[in-house]
Student: 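Starting off with a structure, shown below.
When a ligand or atom number is given, it counts from 1 through the structure's own listing order.
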Amino acid sequence: MVSRLFDTIVIGTGPGGEGAAMKLAKAGQRVSVIEAHSSVGGGCTHWGTIPSKALRHSIQTLADYRRNPLFQGIRSQLEVEFPDLLRAADGVINDQVRTRYRYYQRNRVELVFGQARFLAPDRIEVLRPGGLSEELTARYFVIATGSRPYHPPDIDFTHPRVLDSDSVLALQHTPRSMTIYGAGVIGCEYASIMSNLDVKVNLVNTRDRLLSFLDDEITDALSYHLRQGGVVIRNDEAYDGVDARGDGVVLHCKSGKKFKTDVLLWANGRTGSTQDMGLEEIGLIPNARGQLEVNQSYQTALPHIYAVGDVAGPPALASASYDQGRFVGAHIADGECDWSLVEEFPTGIYTVPEISSVGRTERELTARQIPYEVAQADFKSIARAQITGHTVGMLKLLFHRETLEILGIHCFGEQAAEIVHIGQAIMSQPGSANSIRYFTETTFNYPTMAEAYRVAALNGLNRLF
Ligand SMILES: Cc1cc2nc3c(=O)[nH]c(=O)nc-3n(C[C@H](O)[C@H](O)[C@H](O)COP(=O)(O)OP(=O)(O)OC[C@H]3O[C@@H](n4cnc5c(N)ncnc54)[C@H](O)[C@@H]3O)c2cc1C
């Protein structure tokens, strides 16, 4: 069999693979990208970020409509079911796929559809959908095969009432009740979506508080608002077994508690997609989570084979995966990379209300004995929030008492994931250009949510003595 030769072969068309492929193509390399699914975009576009965010947008629109006094008279005429929301998401997925195809075409990256498998450290076989296969050779490889929901062996995921974050996207009705096991980002986002559809939700958390990597005040607010929406949060629980029946699913916990609901959404952990890739045969052994260990340049134990995105472990975000891909593209093509791409990344969590943060939390700063002060603005006092009716939320800046540099930005409420980037831009400035004073010495459009920065900065500076 003739093996076609490329400079680099990228496996996977999610954000990690796309970031690497585009960077390499622009650097003049001959690049091929292999994709096992029938279209490009990765899990990000088809099963993860995009569908869940499109669902969440529809839910937010519905909640705004229900709350708006303008529609008071016709509110009861609106019936929205989960499949209606899924149909809205489909349109976005198709748009995304079209956009991403264009990127590959415009940059002359050769797309090959099929399952990639290593035959040797410099050679792969691509098993095409029709059964034919092809061999491809390259000097470098980027594995960007993503992750899939983790399935404990004792749970029957073939049962129609037992769902994961992929299969929930095929749900053909609105369940009356749902238990979500796992209160990480995905669990909390689906708890928001479902409770806004008036589904009774049990959110079962294996830890003592929600999303403990976030600022405590923000997670307290999230717990409060989820509970207000009817979500019952069960902290510190561990499952003992799942009993899927014809009339519902019972989740048994080690504490002796049991929850029976129409469906169970298992949102507890993901595993790297490394199976059936011939990796062990070439000396790359995935860890217990199916991920590939990499060094700080995202090289695996074989330096010409890189791994980026979910398959390389945390933070497992589309945003970070894309930047890791670009970083690796530069490492391969130029030997020089922009470290800032992979060092400090923000978190956006699309619950209702939305959450976003970048930089240090109060807990971290206190532990490091850094003298910081808090600058805070409540959305209820911001004119734009009052106009749009989105008064739930706040912006909190943490800044150094002496140098005034911004150390952390934490936000929840409408547009939090956008708002955080204003502060991020200042926080990333070198030296004295990173100062909270920027926000008191700049004129903001009025009324805007950005004004929250000015209000917060004045609040924080007033605390100094
Ligand atoms: C429900 C949900 C919501 C999320 N929300 C967000 C969010 O709001 N923001 C955010 O930043 N991140 C979010 N994420 C995470 C984000 O989707 C992932 O971090 C991101 O998709 C990882 O990108 P990737 O390039 O590593 O892999 P993926 O996007 O998973 O793409 C991997 C691709 O590789 C292909 N592939 C796998 N094996 C092979 C093989 N052997 N041969 C050829 N092709 C193969 C797959 O078919 C797939 O297309 C969410 C995830 C989920 C599940």
Student: Can you tell me the protein heavy atom closest to atom 39 (C) of ligand 1 and the distance?
Tutor: T145 CG2, 3.5 Å
Student: Classify the angle between the aromatic ring planes of F157 and H151 as parallel (below 30°), tilted (30 to 60°) or perpendicular (above 60°).
Tutor: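 Judged by the thresholds at 30° and 60°, the geometry between F157 and H151 is parallel.
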Student: For residues 15-29, run the donor-acceptor check on the side chains, cut-off 3.5 Å, and write out each pair with its distance to 0.1 Å, sequence neighbours left out.
Tutor:
| from | atom 1 | to | atom 2 | distance (Å) |
| --- | --- | --- | --- | --- |
| E18 | OE1 | R100 | NE | 2.5 |
| E18 | OE2 | R100 | NE | 3.4 |
| E18 | OE2 | R100 | NH2 | 3.2 |
| K26 | NZ | N107 | OD1 | 3.0 |
| Q29 | OE1 | T8 | OG1 | 2.6 |

Student: For G19, state whether at least one heavy atom is located under 4.0 Å from any atom of ligand 1.
Tutor: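 Per 4.0 Å heavy-atom rule, G19 does not contact ligand 1.
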Student: Would you find a donor on one side and an acceptor on the other, under 3.5 Å apart, between the side chain of T388 and the backbone of R384?
Tutor: yes
Student: Does any N or O in the side chain of T261 come within less than 3.5 Å of the main-chain N or O of T179, such that one atom is a donor and the other an acceptor?
Tutor: yes
Student: Which atoms of ligand 1 have any heavy atom of G12 under 4.0 Å away?
Tutor: 33 (C), 34 (O), 35 (C)
Student: Under 4.0 Å, heavy-atom basis, I'd like to know which part of T49 is in contact with ligand 1: side chain, backbone, both or neither.
Tutor: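 For T49, backbone and side-chain atoms both sit under 4.0 Å from ligand 1.
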Student: Going by the order shown, which atoms of ligand 1 are within less than 4.0 Å of some heavy atom of G114?
Tutor: 42 (N), 43 (C)
Student: Which ligand 1 atoms, with their elements, are less than 4.0 angstrom from a heavy-atom of Y350?
Tutor: 8 (O)
Student: Which atoms from ligand 1 have a heavy atom of I34 less than 4.0 Å away?
Tutor: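 Atoms satisfying the 4.0 Å criterion: 43 (C), 44 (N).
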Student: For atom 46 (C) of ligand 1, which protein heavy atom lies nearest, and how many Å away is it?
Tutor: E35 OE2, 3.4 Å
Student: Show the atoms of ligand 1 that are less than 4.0 angstrom away from any heavy atom in G309.
Tutor: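 Once the distances to G309 are compared, the set is 26 (O).
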Student: Relative to the heavy atoms of G16, which atoms of ligand 1 are at a distance of less than 4.0 Å?
Tutor: 25 (O)
Student: Should the pair R363-D216 be classified as a salt bridge under the 4.0 Å nitrogen-to-oxygen rule?
Tutor: yes
Student: Angle class for the Y239/W266 ring planes (parallel below 30°, perpendicular above 60°, tilted otherwise)?
Tutor: perpendicular
Student: List the closest protein heavy-atom neighbour of atom 15 (C) of ligand 1: residue, atom name, distance to the nearest 0.1 Å.
Tutor: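 Ranking protein heavy atoms by distance from atom 15 (C) of ligand 1, first comes A316 O, 3.6 Å.
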Student: Yes or no: does R270 have any heavy atom under 4.0 Å from an atom of ligand 1?
Tutor: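 Yes, R270 has a heavy atom closer than 4.0 Å to ligand 1.
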Student: I want to know if ligand 1 touches L317 in the polar sense, i.e. an N/O pair below 3.5 angstrom.
Tutor: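 Yes; the residue has a nitrogen or oxygen that sits under 3.5 Å from a nitrogen or oxygen of the ligand.
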Student: For atom 21 (O) of ligand 1, what is the nearest protein heavy atom, given as residue, atom name and distance?
Tutor: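 Among all protein heavy atoms, the one nearest atom 21 (O) of ligand 1 is C44 CB, 3.1 Å.
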Student: What protein heavy atom lies closest to atom 12 (N) of ligand 1? Include the residue and the distance to one decimal.
Tutor: A318 N, 3.0 Å
Student: With side chains defined as the heavy atoms from C-beta onward, is the minimum distance between I93 and P51 less than 4.5 Å?
Tutor: yes
Student: Record the part of H46 in heavy-atom contact with ligand 1 below 4.0 Å; permitted values are side chain, backbone, both and neither.
Tutor: neither
Student: Using a strict 4.0 Å cut-off to heavy atoms of A144, name the atoms of ligand 1 that fall inside it.
Tutor: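 That gives atoms 32 (C), 33 (C), 34 (O) of ligand 1.
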Student: Check this for me - ligand 1, G43, N or O atoms closer than 3.5 angstrom, yes or no?
Tutor: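 Yes, at least one N or O pair falls under 3.5 Å.
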Student: In terms of heavy-atom contacts, does NE2 of H37 have more than 12 from other residues, nucleotides or ligands at under 6.0 Å?
Tutor: yes
Student: To the nearest 0.1 Å, how far is atom 8 (O) of ligand 1 from its closest protein heavy atom, and which atom is that?
Tutor: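 Scanning the protein heavy atoms, the shortest distance from atom 8 (O) of ligand 1 goes to K53 NZ, 2.8 Å.
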Student: Salt-bridged, R56 to E189, with N to O below 4.0 Å?
Tutor: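 Looking at R56 and E189, the cut-off is not met.
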Student: Is there a nitrogen or oxygen of Q115 sitting under 3.5 Å from a nitrogen or oxygen of ligand 1?
Tutor: yes
Student: Please determine whether the number of non-hydrogen atoms from other residues, nucleotides or ligands lying under 6.0 Å from atom CZ of R176 exceeds 12.
Tutor: no
Student: Whether R139 and D7 form a salt bridge (side-chain N of Lys/Arg under 4.0 Å from carboxylate O of Asp/Glu) is what I want to check.
Tutor: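 R139 and D7: salt-bridged.
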Student: Near Y224 OH, under 6.0 Å, is it more than 12 heavy atoms from other residues, nucleotides or ligands?
Tutor: no
Student: Which part of I186 is near ligand 1, with near meaning a heavy atom under 4.0 Å away: side chain, backbone, both or neither?
Tutor: side chain
Student: Which residue supplies the protein heavy atom nearest to atom 26 (O) of ligand 1, what is that atom called, and how far is it?
Tutor: D310 N, 3.0 Å
Student: Are there more than 12 heavy atoms of other residues, nucleotides or ligands under 6.0 Å from atom CZ of R289?
Tutor: no
Student: Where on R117 is there a heavy atom closer than 4.0 Å to ligand 1, on the side chain, on the backbone, on both, or on neither?
Tutor: neither
Student: Flag the pair D323 and R326 as a salt bridge only when some basic side-chain nitrogen lies within less than 4.0 angstrom of an acidic carboxylate oxygen.
Tutor: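 Result for this pair is yes, salt bridge flagged.
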Student: Examine the proximity of ligand 1 to S321 and report which part, side chain or backbone, both or neither, has a heavy atom under 4.0 Å away.
Tutor: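 Looking at S321 and ligand 1, just side chain atoms fall under 4.0 Å.
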Student: With a heavy-atom distance limit of 4.0 Å, tell me whether S52 approaches ligand 1 through its side chain, its backbone, both, or neither.
Tutor: side chain
Student: Could you tell me, atom by atom, which parts of ligand 1 come under 4.0 Å of a heavy atom of S319?
Tutor: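 Result: 11 (O).
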Student: G48 to ligand 1: N or O pair under 3.5 Å?
Tutor: no
Student: Before signing off on this row, confirm whether G41 and ligand 1 have an N or O atom pair separated by under 3.5 Å.
Tutor: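 N/O-N/O distance under 3.5 Å: no.
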Student: Under 4.0 Å between a side-chain nitrogen and a carboxylate oxygen: does that hold for E344 and R360?
Tutor: yes
Student: For D262, is there an ion pair with K200 - N to carboxylate O distance below 4.0 angstrom?
Tutor: no
Student: With atom 23 (O) of ligand 1 as the reference point, say which of G14, P15, G42 has the nearest heavy atom.
Tutor: P15
Student: What's the shortest distance from atom 44 (N) of ligand 1 to any protein heavy atom, and which residue and atom give it?
Tutor: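 Checking every protein heavy atom, the shortest distance to atom 44 (N) of ligand 1 gives A36 N, 3.0 Å.
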Student: Would you check if H410 and L214 make a side-chain contact, meaning some heavy-atom pair closer than 4.5 Å?
Tutor: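 A side-chain contact is absent here, since even the closest heavy-atom pair is not under 4.5 Å.
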